[in-house]
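Protein chains get the first letters and strands the later ones, always in sequence-line order, with residue 1 at the start of each.
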Amino acid sequence: MRLRPINLLLKSPKPHHSSATLRHLSAEPQNPPPLSEEPRNTTKPIPQIVSVLQTTNPDDWPTNTHLHHHLLLLSSPPSFLKIARQLGSSQKSLQFFNYLKNNPPPPNSSPTSPPPPPQVISNLSFVFQAVFEHALREEGPESSPSKLLELFNFSKEQNVPLSVNSATLLIKFFARAKMFQESVAVFSKLDPDLRNVHVVNLLLDSMLKSGRIDDALKVLDEMLESEFNVQPNQSTMDTVLSAVLTRNWSGRNVREEEIIGIVSRFGEHDVFPNSVWLTQLISKFCRSGKCDKAWELLHEVMRLRGEVKAAPCNALLTGLGKERDFQRMNLLMNEMKEKDISPDVKTFGILINHLCKCRRVDEALEMFKKLRGGNESDAVSVEPDVVLCNTLIDGLCKVGRQEEGLELMGKMKSEHGCAPNTATYNSIIDGFCKAGEVERAFELFDMMNKDGVEPNVITLNILLDGMCRHGRVGSSLEFFNDMQGKGLKGNAITYSVLITAFCGANNIDKAMKLFDQMLQSGCSSDAVVYYSLISGLTQAGRLDDASFVVSKLKKAGFCLDIVCYNVLIGGYCRRNKFEQAYEIFKDMEHAGLKPDRVTYNTFISYFCEKGDFKTTHRVLKKMMEDGFLPNVVTYGAMIRAYCMAGNIDEAMKIFRDMNSSSKVSPNNIIYNILIDTLCKNDKIEVALTLMDDMKDKGVRPNTTTYNAMLKGLQARNWLEKAFKLMDEMTEKACNPDYITMEILTGWLSAVGQTEKLRSFVQGYEVSFSVS
DNA sequence: CTAGGGTTAG
């Protein structure tokens, strides 16, 4: 439910007093001056009055001339506040309030005339403020807010305007009690001329916390209008930004454009988000894929000359790095230089990380060297830290330069003053694992244990993955058990590695057992573990089991992603179960996922395989309507289908089409199927032309290409051409397989060319022994 | 800063 829009700052309902009265009231100080500044001649009566009020019966006050006399000596509302405060309780101060209300002391200078003169109303406001203060203290911030609410209502009935401090106190109190409507009501009751930035900030906070973003933005809007006299301050900005950033209430999202607008308008009041807020905003924008907006925000702050430090720039650089926007990264770095924003170690970390992720490791190394000065003019003095070193080491390992990574790790302590940590070792261990050097990886594992660097679950997962990918699936489980014995628990990734490995090793039952073990161990699972098992089961053709796991996945609250749907659709298609494939497809659309190019290609391949060209073209049309142009896979499936159907002309037509109209370059799979079919249809010359065309286009013929071609040449007994191709194979290090050998042994021995065959095989002896 | 699944033509 939304309250009516309120023009809170400019106009407010003034139900109890004529506006003239209130205007008059505004002469009262917004904050009462400290009590020590009380005019000297009034200090004397205060203790007297307090003493009388404390020791006599309130019923007797109206007739107490002594009291009356002293009250006449008071000159300012704050004196009344001071007295009421000293009365010590809300009850007593409320009695004082009633007394004053019913027995207003005559004003010091002006002639008496009803209605009550402003001075009197002001006195009452201040006395009531003390009532609120006492009540708040008596009630405590934790207990039920009913008493303050009653008092607030009473003050309204009594037509006592709120002092600014009363309003502050009440708004804060109600907001803390989550009574946001009451907070707003208090604000509405406060005379607009009394409203200061502090009160408005409290109101904003209340509105934002109750999810009334639009009302809050409206208030903010009015505040940012220059004609209004309450100017926003740093605290206003903090209030708004903290609400925008920690969106944990029911309010709507605030769009990036709105935030930029707000920041920009604050900037015109010379108020800027501090470095932390700005950094968080930029990170948030970048994370939601709005790097453009992050860029705009930072530059808006720069344009308005707000102070920008390295941290927000770093956040933007990170985002730009993820988008691979190298150009703007450079641009920002130059701007930082221009604006004298000195980059820190994180800035360089981001840049080096980005270079590494783009596999431009040498440039990363270059930048790393410049860090510690040297003699170069563009050197910077930033000390690399562990993270920076790790980034670089990981970059080296990822491109297979783990030996250099190891070297750098050795220098870390001596040259850079930072000791390798678990992440350092993990990167290098992973480097060796990926290179198949699992032994070396374990040597490093021993080394880290000796160095007192604790392995973690990532170390475990890296080693398990390394073992599994290099023929040690069985012992990987032993290692896992070992580590569990040492207190290292596996996580979802551990199980996903193992499940994939066991599925790949055709040990589906073990994979299923591991999955159950994971669920029982209470380790937090994620969708990927399910995907791994589903994919493994589908690959093994166990689609019933796969769909059972799908149901478990859904029960666990996860969703299938498009890839997983494609896996299942492909699985059913491959097993000729179109009905079920289509079921899955409908389920996918029901879940709100759109088919992608792979989904379409899967169906196209299915109908191609059936030789159903009519349906194939229907799906193709639908695919293009959905905005997906056919790609090399689409063409491949169709070319193959026409080849299989014996329609080589149509296959060649599609092949020419993809070159000319679609600009999709064929790959060796497409060339191979065409060459093979042409040869089988006795069109050796065309096949040879196609093979030349292939080489011209830079597509490498592989063993399958040569096999197809050699078979065709064999049919024509074109020995010379065959010898040429054999030499080419050797030259290009294209290994013959058993099919090559079958063709050649049959053909060449029959025509007495065993010598040529012998020398051909000799050229591969080395590589044969390796494989 | 470090770890996992994955689709469609052969």
Looking across every strand, which nucleic acid part, if any, lies under 4.0 Å from A:Ala423 by heavy atom: base, sugar-phosphate, or nothing? base
Can you tell me which nucleotide in B:dT8, B:dC1, B:dG4 comes closest to the side chain of A:Asp465? B:dG4
Quick one: is B:dT8 close enough that its OP1 or OP2 comes under 4.0 Å of any side-chain N or O from A:Arg574? yes
Counting distance alone, no hydrogens or angles: does the base of B:dA3 have a donor or acceptor under 3.5 Å from a partner atom on the side chain of A:Asn491? yes
Between B:dA9, B:dG5, B:dA3, spot the one nearest the side chain of A:Thr500, thanks. B:dG5
Scan A:Asp626, A:Thr634, A:Asn631, A:Asn566 and name whichever one has a side chain to side chain donor-acceptor pair (under 3.5 Å) with A:Tyr600. A:Asp626
Could you report the tightest heavy-atom contact between A:Asn681 and A:Thr677, atom names first, then the distance? ND2-O, 2.7 Å
Nucleic acid contacts - residues 602-625 of chain A versus DNA chain B, non-hydrogen atoms under 4.0 Å: A:Thr602, A:Ser605
Quick check: does any side chain N or O of A:Lys413 sit under 3.5 Å from a backbone N or O of A:Gly410, one acting as donor and the other as acceptor? no
Does A:Asn668 reach a base, just sugar-phosphate, or nothing at all? Heavy atoms under 4.0 Å. nothing
Within residues 439-453 of chain A, those residues having any heavy atom closer than 4.0 Å to DNA chain B are none
Testing the basics here: between A:Asp385 and A:Cys418, what is the closest heavy-atom pair and its distance to 0.1 Å? C-SG, 3.8 Å
Does OP1 or OP2 of B:dT2 have a side-chain N or O of A:Lys357 closer than 4.0 Å? yes
Have A:Glu579 and A:Tyr572 got a donor and an acceptor in their side chains that come within less than 3.5 Å? no
Testing B:dA3, B:dA9, B:dG4 for proximity to the side chain of A:Asn667, the answer is B:dA9
Winner on side-chain proximity to A:Ser496, out of B:dT8, B:dG5, B:dA9, is B:dG5
Go through the side-chain N and O atoms of A:Tyr635 and A:Asp657 and say whether any donor and acceptor fall under 3.5 Å apart. no
Can you tell me if A:Asn672 and A:Asn702 form a side-chain donor-acceptor pair at under 3.5 Å? yes
Between A:Asn481 (side chain only) and A:Leu477 (backbone N and O only), is there a donor and an acceptor less than 3.5 Å apart? yes
Counting only non-hydrogen atoms, which of residues 392-401 of chain A are less than 4.0 Å from DNA chain B? A:Asp394, A:Lys398
Of the listed nucleotides B:dG5, B:dA9, B:dA3, the one nearest the side chain of A:Val632: B:dA9
Nucleotide nearest A:Ile669 when distance is taken to its side chain, options B:dG4, B:dA3, B:dG10: B:dG10
Nearest atoms (heavy-atom pairs only) where A:Ala546 meets A:Leu568: CB-CD2, 4.2 Å
Integer-rounded Å distance: B:dA3 C1' and A:Met518 CE: 16 Å
Heavy atoms from C-beta onward define the side chain here; which of B:dG5, B:dC1, B:dT7 lies closest to that of A:Asn566? B:dT7
Whole-Å distance, A:Leu514 CG to B:dG4 C1', equals 14 Å
What's the closest nucleotide to the A:Ile670 side chain, out of B:dC1, B:dG5, B:dA9? B:dA9
With sugar-phosphate meaning primed atoms plus P, OP1 and OP2, does A:Ala527 contact a base, only sugar-phosphate, or nothing at under 4.0 Å between heavy atoms? nothing
I want to check a possible cation-pi pair here: A:Arg360 against A:Phe326, using under 6.0 Å from ring centre and within 45° of the ring axis as the test. yes
B:dT8 phosphate, OP1 or OP2: any side-chain N/O from A:Arg640 under 4.0 angstrom? no
Within the modelled atom types, does a donor on one side and an acceptor on the other bring the side chain of A:Asp526 and the base of B:dG4 under 3.5 Å apart? yes
In Å and rounded to the nearest 0.5 Å, what is the NE2 to NZ distance from A:His354 to A:Lys322? 11.0 Å
Categorize A:Val633 for me: base, sugar-phosphate, or nothing, with a 4.0 angstrom heavy-atom threshold over every strand shown. base
Rounding to an integer number of Å, can you tell me how far A:Lys322 NZ sits from B:dC1 C1'? 13 Å
Do the ring planes of A:Phe603 and A:Phe578 sit parallel (below 30°), tilted (30 to 60°) or perpendicular (above 60°)? perpendicular
Nearest whole angstrom, please: distance from the C1' of B:dA3 to the OH of A:Tyr495. 15 Å
Rounded to the nearest angstrom, tell me the gap between atom CD in A:Glu454 and atom C1' in B:dT2. 16 Å
Separation of A:Ile462 atom CD1 from B:dA3 atom P, in whole Å? 6 Å
Atom-pair distance (NZ on A:Lys434; P on B:dT2), nearest Å: 12 Å
Rounded to whole angstroms, how far apart are CE on A:Met409 and P on B:dT2? 17 Å
Counting only side-chain heavy atoms from C-beta out, which of B:dA3, B:dT8, B:dG4 sits nearest to A:Val529? B:dG4
Kindly determine whether A:Asn353 and A:Lys357 satisfy side-chain hydrogen bond (donor to acceptor under 3.5 Å, both in side chains), including the steps that lead there. CA-CA 6 Å; A:Asn353 187 28; A:Lys357 293 277 137 60; 2.8 Å; yes
Nearest to the side chain of A:Tyr531 - B:dA3, B:dG5, B:dT8? B:dG5
Looking just at side-chain N and O atoms, do A:Thr347 and A:Asn314 make a donor-acceptor pair shorter than 3.5 Å? yes
